[in-house]
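The next block holds one structure in the form of structure tokens; read it before the comments.
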Amino acid sequence: MENYNATSTDFILLGLFPPSRIGFFLFILILLIFLLALIGNLSMILLILLNIHLHTPMYFLLSQLSLMDLNYISTIVPKMAFNFLYSDRSISFIGCGVQSFFFLTLAVAEALLLTSMAYDRNVAICFPLHYPIRMSQRVCVLMIVGSWIMGSINSCAHTIYALHIPYCRSRSINHFFCDVPAMLTLACMDTWVYEYTVFVSTTLFLVFPFIGITCSYGRVLLAVYRMPSSEGRKKAYSTCSTHLTVVTFYYAPFAYTYLRPRSFRSPTEDKILAVFYTIITPMLNPVIYSLRNKEVIGAVRRMSQRLFSVKV
């Protein structure tokens, strides 16, 4: 147990890496993943912004996904890296609340945005003639703003609750960021009401959207199966499989973590799963969308040729 001043209001993040050579190697690996995520998501945003061929609802939503991933991983890794490098694991009470707020906001917003992207593909493939009306610029903006607002409201409720309950035990959080369920293990009151709200909010913002995405892609696959053109089927399968890969990487570990009762959870398992949806997924998203999308690859080639011609 770490020595800790009981009069302090700071929390202690026990972190992810053990103080050893293996821990240092894992830290370097996470740092490289963080840099790749920054480069990949920034490149995706700039590519969509600068290339007129990608100014469509699908890529507008994709640019927002990259923006969310960029903020998502930046909320977690810099503080974790600072604590590891300077051997200072403390985080202020307010700082913990701010980190928790942004993490929860971005987590829910991204889940809802992925649902919007599934709806976009459903309309594009099943109702192509209605696509310009159903997925107009106004509708896209409403989807994105709605995702941010719903994420913020949900996050406010959880964060305010976490900051107003009494903490009378050691303030050492067995995690590498301020995850509210991990914080509540330090509370000196019964938190069963909050655990129930976690289950409800997880169901509303993860399970129901996932069911919606599954139903949406069920209709898409049925429509694709009926397509007479093999080239059209191949393109549709490629786009849908890309999105389903992203959805699986994001939803599965998140839902598994937050739907389990506290008695079935372990800090080590929670931290490993958290690495997947807070660090690895934001790095994989731009890679998946770029390598498995011919339009993005074509845009990269055109941009490279333009830059090369300017230099020459």
Side-chain angles (χ1 to χ4, degrees), residues 1-2 11-20 22-23 26-27 29-30 33-34 37 69 72-81 83-84 89-91 95-108 110-111 151 154-155 157-159 161-163 165 167 169-187 190-207 210 247-284:
M1 182 69 66
E2 296 200 19
F11 287 103
I12 297 293
L13 295 172
L14 297 185
L16 179 65
F17 315 109
S20 62
I22 295 177
L26 292 174
F27 167 75
L29 183 61
I30 293 294
I33 292 174
F34 173 68
D69 282 336
Y72 201 8
I73 196 169
S74 298
T75 301
I76 306 297
V77 175
K79 178 59 179 174
M80 180 177 65
N83 288 357
F84 182 83
R89 299 184 178 184
S90 65
I91 183 170
C96 199
V98 170
Q99 187 184 56
S100 176
F101 171 79
F102 281 107
F103 163 71
L104 291 172
T105 298
L106 291 161
V108 171
E110 182 161 331
N154 176 73
S155 179
H158 288 283
T159 305
Y161 179 87
L163 295 181
I165 62 174
Y167 294 96
R169 303 178 188 174
S170 165
R171 289 185 176 242
S172 298
I173 301 174
N174 195 358
H175 218 301
F176 58 90
F177 67 97
C178 289
D179 190 27
V180 174
M183 294 168 62
L184 292 185
T185 60
L186 312 178
D190 191 356
T191 58
W192 71 269
V193 175
Y194 176 76
E195 292 175 22
Y196 178 75
T197 62
V198 169
F199 180 84
V200 171
S201 63
T202 303
T203 303
L204 287 175
F205 296 116
L206 284 179
V207 177
F210 182 75
V247 167
T248 303
F249 281 154
Y250 186 74
Y251 278 90
F254 221 134
Y256 180 72
T257 298
Y258 285 90
L259 286 177
R260 287 177 301 160
R262 184 192 295 184
S263 57
F264 290 94
R265 299 175 63 176
S266 70
T268 302
E269 191 176 39
D270 284 352
K271 286 192 282 188
I272 293 173
L273 290 171
V275 167
F276 202 81
Y277 58 75
T278 61
I279 300 174
I280 296 179
T281 301
M283 182 270 293
L284 286 178

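Given the structure is predicted, the values throughout are model-derived calculations rather than measurements. Sequential numbering from 1 along the given sequence is applied to the chain's residues. The basis for the numbers below is simple: all heavy atoms, side chains too, and nothing from hydrogens, waters or symmetry mates.
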Q: With Arg265 as the cation and Tyr258 as the aromatic partner, state whether NZ or CZ is under 6.0 Å from the six-membered ring centre and within 45° of the axis.
A: yes
Would you mind reporting whether Asn174 and Thr185 have side-chain heavy atoms less than 4.5 Å apart?
no
Check your understanding: Side-chain contact, heavy-atom cut-off 4.5 Å: Phe176 with Thr278?
Key -> yes
NE2 (His175) and CG (Leu13) are apart, to the nearest 0.5 Å, by 9.5 Å
In this structure, CE of Met283 is separated from CG of Asp69 (nearest 0.5 Å) by 11.0 Å
Can Arg260 and Asp270 be counted as an ion pair, charged N to O under 4.0 angstrom? yes
All heavy atoms of Lys79 vs all of Ser90, minimum pair found to be NZ-O, 3.1 Å
Distance col, row Thr191:OG1 vs Tyr196:OH, nearest 0.5 angstrom, shows 15.5 Å
Kindly say whether Phe177 contributes a backbone atom to a donor-acceptor pair with the side chain of Gln99 at under 3.5 angstrom?
-> no
When every non-hydrogen atom of Ile73 is compared with those of Pro78, the smallest separation belongs to O-CD, 3.8 Å
Do the rings of Phe84 and Phe17 sit parallel, tilted or perpendicular, given the 30° and 60° boundaries?
perpendicular
On a heavy-atom basis, the closest approach of Val180 and Ser100 is CG2-OG, 3.1 Å
When rounded to the nearest 0.5 Å, the distance separating CZ of Phe102 from OG of Ser155 is 8.5 Å
Leu186 versus Ile173: any side-chain heavy-atom pair under 4.5 Å?
-> yes
Measuring only between side-chain heavy atoms, which start at C-beta, is Ile30 closer than 4.5 Å to Met80?
yes
**Message:** Using a 3.5 Å distance criterion without hydrogens, assess whether the side chain of Arg171 forms a donor-acceptor pair with backbone atoms of Ile12.
**Reply:** no
*Any side-chain heavy atom of Val207 sitting closer than 4.5 Å to one from Leu259?*
yes
Can you list the steps and then say if Phe101 with His158 is a ring pair (Phe, Tyr, Trp, His ring centres under 6.0 Å)? CA-CA 8 Å; Phe101 171 79; His158 288 283; over 10 Å; no
Rounded to the nearest 0.5 Å, the CZ atom of Phe254 sits from the CG atom of Leu273 at a distance of 11.0 Å
Heavy-atom donor-acceptor pair, Lys271 side chain to Gly15 backbone, under 3.5 Å = yes
Subject >> Centroid-centroid distance, Tyr277 to Tyr250, less than 6.0 Å >> reply: no
Taking every heavy atom of Pro253 against every heavy atom of Phe276, the minimum-distance pair comes out as CG-CD2, 3.6 Å
Between Thr159 and Gly97 the two heavy atoms that sit nearest each other are CG2-O, 3.4 Å
Open item on the list: Using side-chain heavy atoms (C-beta onward) and a distance below 4.5 Å, is Ile76 in contact with Phe103?
Closed with: yes
Could you walk me through whether Leu16 and Leu26 pass the side chain to side chain contact (heavy atoms under 4.5 Å, CB included) check? CA-CA 9 Å; Leu16 179 65; Leu26 292 174; over 6 Å; no
Counting neighbours of CZ on Phe210 that are heavy atoms of other residues, nucleotides or ligands and sit closer than 6.0 Å, is the number greater than 12? no
Classify the ring geometry of Phe11 against Tyr167: parallel below 30°, tilted from 30° to 60°, perpendicular beyond 60°.
perpendicular
**Message:** Counting C-beta onward and ignoring hydrogens, is there a side-chain heavy-atom pair between Leu184 and Tyr161 closer than 4.5 Å?
**Reply:** yes
Output for pair (Thr105 OG1, Glu110 CD), nearest 0.5 Å, gives 12.5 Å
